[in-house]
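Keep in mind that this is a model prediction, so the values were computed, not measured. In what follows, residues are counted from 1 in the order of the sequence shown.
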Amino acid sequence: MKIAFVGAGSVVFTQGLLADLFAFPELAHARIALHDIDAERLATAEGAARHIAEVRGAKPVISAHLDRRAALAEADFVVNIVQVGMDAATRTDFAVPARYGLRQTIGDTLGVGGIFRALRTFPVLRGIAEDMAELCPDAQLLNYTNPMAMNVLYLSRIAPRLKVTGLCHSVYWTMHDLSALVGVPFEEVSYLAAGVNHQAWVLRFEREGRDLHPLLEEAIARDPGLLRRVRVDMYRRLGHYPTETSEHSSEYVPWYLRHDSEIERLRLPVGAYLGIIEENAASYERTREALAAGRPLPVEGTLEYAPQVIHSTVTGTPRTVYGNVPNRGLIDNLPADSVVEVPCLVDALGVQPTRVGALPPQCAALNRAYVSVTDLVVRAATDGDPRHIRHAAMADPATAAALPVERIWDLCDDLVRAHGELLQPELRAELGH
């Protein structure tokens, strides 16, 4: 069995995934093909992979490839963790909007940050899809790259035969942390969530058939500090808890980041992702220096879904994970051609999404705004229409709340100019007003 990692130079994330993979005896002899376009990062990833295998007692066949096609040839699974433009492009996604007074916290899912992260990722995704169609047409593509919904939707439209599932840990960690908050062991909790990536909703939260939401209400009442979190604020008003952090959740609605008073009330860290970038860079340097000096590296699992999906597919062990997949009747009151996040059974037949039915109408209303932006961004790329970039920004709730329409178009022109050749040629036009 061969597992290819595209973007393996995201070393810290690659390390965690490999630690989980090698913890399964059935995967201990897999072929691991690492690909990155950065030779130094690729070498660091390879060194880390060999160290983790040794610590785990696994004996995989590890190879490193600057050529993507060599890594993908005959792969059974492809794990995508690319970040096109790396830290410099992400800093641009924050710096340019900040000059317009537009605030972002994470900027990787929706808003202008998510829009332009998607647009510079799409050309790489097209290349991956074309290579897989030729070199490993039956492989599963497990995507971690954000913006998740935009990327999976784009792939589903340009390569409908590709077996792609978007994987994100937000539902798992939300339920893990809510269980701790209400004082119930996570292993005893049953739950159901559904919606869109980073804006799914907790629909059921139970222990032995007993609803745990009353315990959540009590926990909130005991700790006034919880009222200063966006997620708790949304839960109290909408009746359903969102499955992503407050920093993320604040960016997908028009109510918070526009207002100084809300930023203070809810302690919103504007520009938080810039700090995450710095920490990731520091973690990479620590890994590189440790390998060069022959010092041991920490080998810690991440409980991510990709190793579980691979193990279940290979062994037939049934598991439920949360996946981002084309809707196709899974959620009744979201568009059929959107990408949704739902529970999925995984076994020897692969990833099998679960039909959820209708979301609560107030939750579906917010998700529909989200998927409208996603659709327009993907159409910009598939139609080669730069106007749809502006239409997506106009439709984005947080952007529309912060800027008049003329400034939105100016901002899009500036970001198109700043990202330049990372965008497909048809989308590089500056349209003015």
- request: Take R157 and T382 through the side chain to side chain donor-acceptor pair (under 3.5 Å) test and state the conclusion after the steps.
  value: CA-CA 8 Å; R157 289 186 179 171; T382 57; 5.4 Å; no
R69/E130 under salt bridge (Lys or Arg N to Asp or Glu O under 4.0 Å): CA gap, chis, key distance, verdict: CA-CA 10 Å; R69 290 174 60 83; E130 290 172 350; over 6 Å; no
message: Run the salt bridge (Lys or Arg N to Asp or Glu O under 4.0 Å) test on R231 and D177 for me, step by step, so that the C-alpha distance in whole Å, both residues' side-chain angles and the decisive distance to 0.1 Å come before the verdict.
response: CA-CA 13 Å; R231 286 208 282 182; D177 293 349; 5.4 Å; no
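A heavy-atom distance below 4.5 Å is not found between the side chains of T145 and V6. No side-chain heavy atom of T374 sits less than 4.5 Å from a side-chain heavy atom of V339. Between V356 and V340 the shortest side-chain heavy-atom distance does not fall below 4.5 Å. For the pair R91 and L274, the minimum side-chain heavy-atom distance is below 4.5 Å. Using a 4.5 Å heavy-atom threshold, the side chains of L27 and M1 count as touching. Two residues are said to be in side-chain contact when any heavy atoms from C-beta on lie closer than 4.5 Å; W201 and N367 meet this criterion. Contact check for L181 versus L226: side-chain heavy atoms found under the 4.5 Å cut-off. The side-chain heavy atoms of F122 and V377, taken from C-beta on, include a pair separated by under 4.5 Å.
Counting non-hydrogen atoms of other residues, nucleotides and ligands closer than 6.0 Å to CZ of R161 gives a total of 12 or fewer. Remark: E217 CD is packed, more than 12 non-hydrogen atoms of other residues, nucleotides or ligands lying under 6.0 Å away. For I37, the CD1 atom is loosely surrounded, since the number of other residues' heavy atoms within 6.0 Å does not exceed 12.
R390 contributes no side-chain N or O that, together with a main-chain N or O of W409, makes up a donor-acceptor pair within less than 3.5 Å. Using modelled atom types, one side-chain atom of S249 and one backbone atom of E244 make a donor-acceptor pair closer than 3.5 Å. Under the 3.5 Å distance criterion, the side-chain polar atoms of E251 are left unmatched by any main-chain donor or acceptor of A398. Of the possible polar contacts, one joining the Q352 side chain to the G350 backbone as a donor-acceptor pair under 3.5 Å is found. Checked by atom type and distance alone, the side chain of D396 pairs as donor or acceptor with a backbone atom of G111 at under 3.5 Å. R368 contributes no side-chain N or O that, together with a main-chain N or O of P335, makes up a donor-acceptor pair within less than 3.5 Å. Without hydrogens or angle criteria, Q424 side chain to A381 main chain gives a donor-acceptor distance under 3.5 Å. Side chain of R56 to backbone of F22: no donor-acceptor contact under 3.5 angstrom is found. Listed for the K2 side chain is a donor-acceptor partner under 3.5 Å among the backbone atoms of A73.
Side chains of R379 and H391: no donor on one and acceptor on the other come within 3.5 Å. Side-chain contact, R41 with T44: no donor N or O sits under 3.5 Å from an acceptor N or O. Side-chain atoms of D20 and T302 include a donor-acceptor pair closer than 3.5 Å. H248 and Y252 form a side-chain donor-acceptor contact under 3.5 Å, judged by distance and modelled atom types alone. For the residue pair Q83/Y144, the side-chain donor-acceptor check at 3.5 Å is not satisfied. With 3.5 Å as the limit, one finds a donor-acceptor pair spanning the side chains of T313 and Q140. Side-chain atoms of Y256 and R265 form no donor-acceptor pair, as typed in the model, at a separation below 3.5 Å.
The aromatic rings of F186 and Y172 stand perpendicular to each other, their planes meeting at an angle above 60°, with 30° marking the opposite boundary. Ring orientation note: the planes of H213 and F205 are nearly perpendicular, at an angle over 60° on the 30°/60° scale.
For the pairing with S179, the side-chain contact (heavy atoms from CB on, under 4.5 Å) check across L212, V189, T174 returns one residue only, V189. Checking L403, V112, D414 one by one against P97, the side-chain contact (heavy atoms from CB on, under 4.5 Å) holds for a single residue, V112.
A salt bridge is absent between D93 and R117: the closest approach of a Lys/Arg side-chain nitrogen to an acidic carboxylate oxygen does not fall below 4.0 angstrom.
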